[in-house]
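Notes to accompany the following structure.
A note on names: the letters A, B, ... follow the listed sequences, proteins ahead of strands, and every chain is numbered from 1.
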4 protein chains.
Amino acid sequence: MTRRLTARGQRRRQELVEFAADQFASKGYHPTSVADIVDGLGVGKGVFYWYFESKEELFRQILAEAQRDLRRVQRHAIADEPDPVRRIEAGIGASVEWLDRNRRLFVLLEFARTEERFAPLIRMGEEQAVADALPHVKAGIDAGLIRREDPLVLTQAILGVTGHLARVLVLEEGRPAAEAARAAAAFCLEGVLSPASARRRLAREAD
Amino acid sequence: MTRRLTARGQRRRQELVEFAADQFASKGYHPTSVADIVDGLGVGKGVFYWYFESKEELFRQILAEAQRDLRRVQRHAIADEPDPVRRIEAGIGASVEWLDRNRRLFVLLEFARTEERFAPLIRMGEEQAVADALPHVKAGIDAGLIRREDPLVLTQAILGVTGHLARVLVLEEGRPAAEAARAAAAFCLEGVLSPASARRRLAREAD
Amino acid sequence: MTRRLTARGQRRRQELVEFAADQFASKGYHPTSVADIVDGLGVGKGVFYWYFESKEELFRQILAEAQRDLRRVQRHAIADEPDPVRRIEAGIGASVEWLDRNRRLFVLLEFARTEERFAPLIRMGEEQAVADALPHVKAGIDAGLIRREDPLVLTQAILGVTGHLARVLVLEEGRPAAEAARAAAAFCLEGVLSPASARRRLAREAD
Amino acid sequence: MTRRLTARGQRRRQELVEFAADQFASKGYHPTSVADIVDGLGVGKGVFYWYFESKEELFRQILAEAQRDLRRVQRHAIADEPDPVRRIEAGIGASVEWLDRNRRLFVLLEFARTEERFAPLIRMGEEQAVADALPHVKAGIDAGLIRREDPLVLTQAILGVTGHLARVLVLEEGRPAAEAARAAAAFCLEGVLSPASARRRLAREAD
DNA sequence: TATGAATGAGCATTCATTCAT
DNA sequence: GATGAATGAATGCTCATTCAT
């Protein structure tokens, strides 16, 4: 495969990717047939197989592109920010925004995790995401800004909060991405304790 | 349906539920056929349709039982605990432990969210989970132990951290559930900031 | 596969084998679709895949059964015949008769030789046939009845004449099998030379 | 069709014929797609349909050319040979050699026989081959060199031995064509009987 | 209760052929 | 002459479900 495509071919391919992602996201990967996709675009079945080796390969490409794109956006968001904590906040913001603007892909990434064939792709992508975020957490620890705890665990927790709040607040409840990002960042930085309670706890730990 | 079953029938049914859940979790719901299930148990196809109206109905029952069971465990864990923050910690611990002991079901719940037909079930279950946890967060706020923020957001954030750390640390990295639970609880209570940084922030906010 | 079949199942399977062999032989293996077969029998498509793993597997089974049957017939024909030359004649006769009664299978064996996937099966069967006939040729040589030449070549030549005359005389021209068998045997034993010519040749060789 | 081709066109066409024959012979006619052929040559699909009306027509042309070529070679081999028996031997030799040098085509001829659409072509070619050889056999009979038997049967038997030994000895076992030709000729002339046995048989028949 | 057999719509994929450029 | 793109009927196969026993 990996055909050399003309401009027209590029456009067709993109149409297919986009329409398929929509269908996969709304009906599920399995319940969406290749026929659904080509019929939806009003083209013959051969078109699909001209551009993709199989339904599965198309799905993998959608996943890979999604992960690539999210990563690109995150990197861009935190560039030129000297404070590591601010970098983390910026990353959270970029992620929530991306998930908001690419709801379809969010669902697909979650589905992919549930099937043996695709799970490795997702895990690799997630490891990449952790590897991307880890240095900033470590820098925060070194700068005395972040608690001296396993940075990997902290990073994962941040990713967990961000993903979950994005889904629930933005996708399900329809709140603005910025609000969810703010809430996620605040939670990640300070947790749930009240200032008084936190102070008491800090004092206790100082003993 | 809802047949009256003999003791032997009960056992058969349970075998089917368990084996199907295993297969669904490892291969995916769609890639697992009814034939896979009955062949795996060495029984005829009629057996399946004696106990379940359809593959879909079986799956719904698995999901419902899973949600019921998780809820039961959480309730039990936090009973008799007067401190609301401690109740939250106990709930996190119980959840992580349950997810550890029921990995299959965890995956199934995540898959179910990705398909129109099953998503409502999951959303209902999650709303229930939030509704269960919410009072404790509110109690914490009222007692001045927890920050005066939208309790629904805080609750969701807690669920997000808990689920994600359980998956990553326990299921994927194989760490003990207790450790993941401790990490999740700590993160939820205090966030990532170092004591010094937190103090500074608190001081700033006090202005 | 290799399902345990009830009597009814056995009958169904046989119907499929027979009808498919007919179709394969008259239209060709590839031009015969599974749909042709099941439609021809007025059954659903699932029936086919209940009894056979694939179209290819069915074809292999037809080939294997054909070779097994031909071999059985040949063995039976030459049993209890003390003279090796007579045994060869009997074998030729049995082969021609079988090919006459199983024209379909004859064509299928020939087709199978032309496709990489099936050729090994045919070659194995043919080696078996040679191995079966060889001892008789050797015995003929040892008894001074047959020329002292490479017995393998002689055996192959006999098989070649037999197969070809069976096809041309019996299948294509419709002559009786017995006649073709007689012609084949005569040719194999004496060749084409006239008595006078043969005598001269023998004399010359004796020098 | 029958396009007037430039020199370059002639070469292109020949490339297609040759490559297709190779693929048909090794993978089979049906399993070889037009795409396989044009991709294998690195040209577009239009090229194929510029030179051939269809895949089937291409195959027919390959078959026709093969038969024409074999016939040409045989005729050439037996020219200027006054002895009819020697002519037959020469024909056998030429055939085996041709089959050796054109293995691909041998397989294709055999396949063609197994499919309704192509079988008539093959049968016509074979009848031609018989018609070509028949006069020599008849001449042998008239000259008292060959047994007074149905010359058609004798001719067919010769063709059968030749084809089979060429396939088995030369194509499958890799022996030299000349050796197979010698064996085939010897078998055709004298059969399998030993001189002594033949003499006895001749004596008996003289009664 | 349970089984083997059967159904048939549906699926992913192939492929000979055509077409616009 | 040649290419990439498109067509769409047809193919081998799957599978949830039903049925006769």
Side-chain angles (χ1 to χ4, degrees), chain A residues 3-9 11-13 30-39 42-58, chain B residues 3 5-6 8-9 12 30-38 42-58, chain C residues 3-13 30-39 42-58, chain D residues 3 5-6 8-9 12-13 30-38 42-58:
Chain A
R3 240 183 251 288
R4 214 178 300 285
L5 297 175
T6 63
R8 182 184 173 213
R11 241 176 297 126
R12 227 332 110 78
R13 201 197 104 101
H30 289 288
T32 299
S33 70
V34 173
D36 288 338
I37 295 167
V38 295
D39 289 355
V43 299
K45 226 176 242 192
V47 169
F48 185 95
Y49 291 94
W50 178 258
Y51 294 99
F52 306 101
E53 237 161 18
S54 65
K55 184 181 156 185
E56 185 172 331
E57 193 230 25
L58 161 61
Chain B
R3 235 184 255 289
L5 298 174
T6 65
R8 179 170 163 238
R12 242 309 126 83
H30 289 287
T32 299
S33 68
V34 173
D36 287 339
I37 295 167
V38 295
V43 300
K45 249 179 208 175
V47 171
F48 185 95
Y49 288 92
W50 178 258
Y51 293 101
F52 306 100
E53 236 163 16
S54 68
K55 185 182 159 187
E56 188 173 328
E57 191 229 26
L58 161 62
Chain C
R3 239 182 253 288
R4 214 177 301 283
L5 298 174
T6 63
R8 181 183 173 215
Q10 290 280 6
R11 242 176 296 126
R12 230 328 112 81
R13 201 197 105 102
H30 289 288
T32 300
S33 69
V34 174
D36 288 340
I37 296 168
V38 296
D39 289 356
V43 299
K45 223 174 247 190
V47 169
F48 186 96
Y49 291 93
W50 177 257
Y51 292 100
F52 307 101
E53 237 161 17
S54 66
K55 184 181 158 186
E56 187 173 330
E57 192 230 27
L58 160 62
Chain D
R3 234 185 257 286
L5 297 174
T6 65
R8 180 172 164 234
R12 242 307 126 84
R13 202 198 103 102
H30 289 288
T32 299
S33 69
V34 173
D36 287 339
I37 295 167
V38 296
V43 300
K45 246 180 210 175
V47 171
F48 186 95
Y49 288 93
W50 179 259
Y51 293 101
F52 306 100
E53 236 163 16
S54 68
K55 183 181 160 186
E56 186 173 332
E57 192 229 27
L58 160 63

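Looking at every heavy atom in both residues, Glu57(B) comes nearest to Glu53(B) through OE1-N, 3.0 Å. Counting all heavy atoms, side chain and backbone alike, Arg13(D) lies closest to Phe52(D) at NH1-CE2, 3.4 Å. The two residues Thr32(B) and Asp36(B) come nearest to each other via the heavy atoms CA-OD2, 3.7 Å.
Comparing Leu5(A) and Ala35(C) along DNA chain F, the residue whose closest nucleotide (by nearest heavy atom) sits nearer the 5' end is Leu5(A). Along DNA chain E, the nucleotide nearest Arg4(C) and the nucleotide nearest Ser33(A) are compared for position; the residue whose nucleotide lies closer to the 5' end is Arg4(C). Both Thr32(D) and Ala7(C) lie near DNA chain E, and the one whose nearest nucleotide falls closer to the 5' end is Ala7(C).
When Watson-Crick and G-U wobble pairs are counted only if both distances are under 3.5 Å, dA20(E) pairs with dT3(F).
Taking atom NE2 on His30(A) and atom C1' on dA16(F), their separation rounds to 15 Å, with Å as the unit. For Lys55(C) and dA10(F), the NZ to P distance is 15 Å, given to the nearest whole Å. Across the protein-nucleic acid pair, Glu56(C) atom CD and dT11(F) atom C1' stand 15 Å apart, rounded to whole Å. Atom CD of Glu57(D) and atom P of dT17(E) are 10 Å apart (whole Å). Whole-Å rounding puts the Phe48(B) CZ to dC15(F) P distance at 14 Å. At whole-Å resolution of the value, CZ in Phe52(D) and P in dA2(F) are 12 Å apart. Note: NZ (Lys45(A)) to P (dG10(E)) measures 12 Å, nearest angstrom. For the pair Leu58(D) CG and dA16(E) P, the computed distance is 11 Å after rounding to whole Å.
Residues Ser33(A) and Lys55(A) fail the side-chain proximity criterion, which asks for heavy atoms closer than 4.5 Å. When side chains are defined from C-beta on, Tyr51(A) does not count as touching Leu58(A), because their heavy atoms never get closer than 4.5 Å.
Between Tyr51(D) and the phosphate of dA2(F), there is a side-chain N or O to OP1/OP2 separation shorter than 4.0 Å. Between Thr6(A) and dA5(F) there is a side-chain N or O to OP1 or OP2 distance below 4.0 Å. Arg11(C) has no side-chain polar atom (N or O) that falls below the 4.0 Å cut-off from OP1 or OP2 of dA5(E). Within the 4.0 Å cut-off from OP1 or OP2 of dA6(E), not a single side-chain nitrogen or oxygen of Trp50(C) is found. Residue Arg8(B) places at least one side-chain N or O under 4.0 Å from the OP1 or OP2 atom of dA2(E). Listed pair Tyr49(C) / dT14(F) fails the phosphate criterion, with no side-chain N or O lying under 4.0 Å from OP1 or OP2. Applying the 4.0 Å criterion to OP1 and OP2 of dT1(E), one finds that Arg12(B) has every side-chain N and O outside that range.
Side-chain atoms of Val43(C) lie closest to dT7(E) of the nucleotides dA16(F), dT7(E), dC11(E).
Gly9(D) comes within 4.0 angstrom of the backbone, heavy atoms only, and of no base. If you check every strand for non-hydrogen atoms under 4.0 Å, Val47(D) touches a base.
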